[in-house]
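What follows is a single structure, written as structure tokens, with notes after it.
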Amino acid sequence: MSLLVIGTVAFDAIETPFGKTDKIVGGAATFISLAASYFAKKINLVSVVGDDFPSDAIGMMQKRHINTDGLQVKQGEKTFFWSGRYHNDMNSRDTLETQLNVLEGFDPIIPESYQDCEFLMLGNLAPSVQMSVIERLRNRPKFVVLDTMNFWMDIALNDLHQVLKKVDVLTINDEEARQLSGEYSLVKAAQKILSMGPRYLIIKKGEHGALLFNDKQVFFAPALPLEEVFDPTGAGDSFAGGFIGYLAESRDISFDNLKRAVIFGSAMASFSVEKFGTERIQNLSAEEVDDRVQQFIDLVQFDISLV
Ligand code: AMP
């Protein structure tokens with residue numbers, strides 16, 4: 001079933017203890033759509049870039065059956081740019097620069113063919129823009145997932161609270177969950193955040209895995225212990241893409257299936273960090289994806305018989 005993805009399509013410049021990149025293609029919606037493309041057959045992208053964005057990067061997305069009719073290219077304007085530097089543990093990073101550029105006046109246009117989508121992924125963007133996408137869809141999708149970050153909590157908290165009332169799932173990292181709730185304990189933070197609107201909350205903990213909460217249950221998925229982590233940028237978005245792509249394809253939004261989706265999301269995140277930018281998730285085979293998911297199954301399987 002069709003999946004609509006909105007978020008940034010961007011240039012990133014990244015510094016890690018292993019190296020540094022000049023401007024490379026990144027952006028929340030880029031990672032989400034690519035990761036989702038291994039599961040969902042129909043992905044409709046809504047975003048905006050400037051005329052400095054390479055057409056071969058758009059072609060790369062189209063090759064993975066991502067529909068870019070909703071990607072606006074603004075002549076005479078510059079693409080959103082973000083740069084960040086990772087600390088030695090790769091779990092934390094500092095944003096060095098955020099240039100909103102073309103994002104500043106972004107007015108998302110939803111092509112007619114995108115209406116009636118069943119699954120909506122609101123990737124990291126200004127909460128008011130995320131809200132406008134919900135408002136511009138004639139029917140509320142069956143399932144709406146929202147991702148955000150501290151940047152928007154700092155500058156647009158009220159708007160974020162408004163859009164949180166409209167979504168099924170919020171995905172954020174542990175630091176952001178603490179900021180949004182004002183609670184240190186992630187269990188208390190989850191209770192508070194669930195009372196703000198979403199039915200489910202996913203807290204991403206980098207190399208320490210991810211937690212899925214609803215008001216009664218909690219599920220934990222580990223991150224795969226990897227020999228090499230090259231660049232964590234986009235791990236959260238690749239997670240979200242695998243998560244919603246799997247749900248959109250299976251069309252089952254029970255808690256048990258959400259648990260499976262968290263594992264597929266974690267598998268896509270584990271690929272994403274193995275190379276800089278989107279390189280690793282541009283061209284995976286079905287076997288590679290299956291093998292990776294199997295590694296997750298093996299990692300957490302154990303037998304205990306309690307007498
Ligand atoms: P992640 O590592 O999953 O948190 O996402 C990294 C991606 O988010 C990068 O490719 C950036 O281009 C994008 N990004 C960084 N800051 C923002 C922001 N304030 N709004 C939207 N996207 C952003």
Side-chain angles (χ1 to χ4, degrees), residues 5-16 21-36 46-50 53 57 61 78-87 90-104 106 108 121-130 133 145-157 159-160 163 170-177 179 202-207 210 223 229-244 265-266 268-282:
V5 174
I6 177 163
T8 42
V9 171
F11 283 130
D12 294 341
I14 298 150
E15 284 178 41
T16 79
T21 65
D22 282 331
K23 279 186 175 180
I24 57 170
V25 169
T30 317
F31 284 101
I32 292 168
S33 306
L34 286 171
V46 170
S47 191
V48 65
V49 289
F53 195 74
M61 289 193 257
K78 280 165 76 180
T79 299
F80 172 76
F81 171 74
W82 173 80
S83 75
R85 182 188 295 134
Y86 288 86
H87 300 176
M90 298 283 250
N91 263 333
S92 48
R93 72 181 176 206
D94 296 324
T95 289
L96 301 176
E97 205 179 342
T98 301
Q99 290 177 16
L100 292 175
N101 296 333
V102 81
L103 216 62
E104 219 145 351
F106 179 38
M121 177 70 226
L122 298 166
N124 194 7
L125 259 184
S128 58
V129 177
Q130 293 174 318
V133 173
V145 179
L146 181 135
D147 185 48
T148 190
M149 71 186 290
N150 49 359
F151 181 85
W152 302 111
M153 291 175 197
D154 292 341
I155 67 165
L157 188 60
D159 290 346
L160 180 60
V163 73
L170 170 67
T171 66
I172 42 177
N173 70 27
D174 42 0
E175 214 178 293
E176 290 154 357
Q179 179 171 347
I202 293 175
I203 301 182
K204 299 166 286 181
K205 289 156 58 75
E207 66 169 332
V229 173
F230 229 77
D231 170 19
T233 309
D237 303 311
S238 304
F239 173 94
F243 175 77
I244 197 150
S266 304
M268 295 317 294
S270 76
F271 282 123
S272 183
V273 302
E274 289 180 330
K275 294 220 167 130
F276 271 112
T278 58
E279 192 183 337
R280 185 74 174 109
I281 58 165
Q282 285 177 25

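Residue numbers run from 1 in the order of the sequence given. Side-chain atoms are counted along with the backbone in the values below, which use heavy atoms only and exclude waters and symmetry mates. Both counts, for ligands and for their atoms, begin at 1 and track the order of listing.
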| task | Indicate yes or no: does an N/O atom of Leu125 lie under 3.5 Å from an N/O atom of ligand 1? | result |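 No - when backbone and side-chain N and O of Leu125 are compared with those of ligand 1, no distance drops under 3.5 Å.
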For [X], counting its heavy atoms only, list the atoms of ligand 1 lying under 4.0 Å from any of them.
X: Gly27; result: 9 (C), 10 (O), 12 (O)
X: Ala235; result: 3 (O)
X: Gly236; result: 3 (O)
X: Ala10; result: 12 (O)
X: Arg93; result: 1 (P), 2 (O), 4 (O)
X: Gly26; result: 10 (O)

Mode of [X] contact toward ligand 1 - side chain, backbone, both, neither (heavy atoms, under 4.0 Å):
X: Ser238; answer: neither
X: Lys204; answer: neither
X: Thr8; answer: side chain
X: Asp12; answer: side chain

Which residue and atom name correspond to the protein heavy atom nearest [atom], and how close is it?
atom: atom 2 (O) of ligand 1; result: Gly234 N, 2.7 Å
atom: atom 20 (N) of ligand 1; result: Trp152 NE1, 3.3 Å
atom: atom 21 (C) of ligand 1; result: Asn124 O, 3.1 Å
atom: atom 5 (O) of ligand 1; result: Asp237 OD2, 2.7 Å
atom: atom 14 (N) of ligand 1; result: Phe80 CE2, 3.9 Å
atom: atom 18 (C) of ligand 1; result: Met149 SD, 3.6 Å

| field | Donor-acceptor pair, side chain of Thr98 and main chain of Trp82, under 3.5 angstrom | value |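 Absent.
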| message | Strictly distance-based, threshold 3.5 Å: is any side-chain N or O of Tyr86 a donor or acceptor partner for the main-chain N or O of Phe230? | response |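 Not confirmed, Tyr86 side chain does not pair with Phe230 backbone.
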| message | Nearest non-hydrogen contact with atom 16 (N) of ligand 1 belongs to which option: Phe151, Trp82, Phe31, Phe239? | response |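 Shortest heavy-atom distance from atom 16 (N) of ligand 1: Trp82.
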| query | Does one side chain, of Trp152 or Asp159, offer a donor that lies under 3.5 Å from an acceptor on the other? | reply |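 No - no donor-acceptor pair under 3.5 Å links their side chains.
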| task | Flag yes if more than 12 heavy atoms outside Glu175 fall under 6.0 Å of its CD atom; otherwise flag no. | result |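 No, not enclosed.
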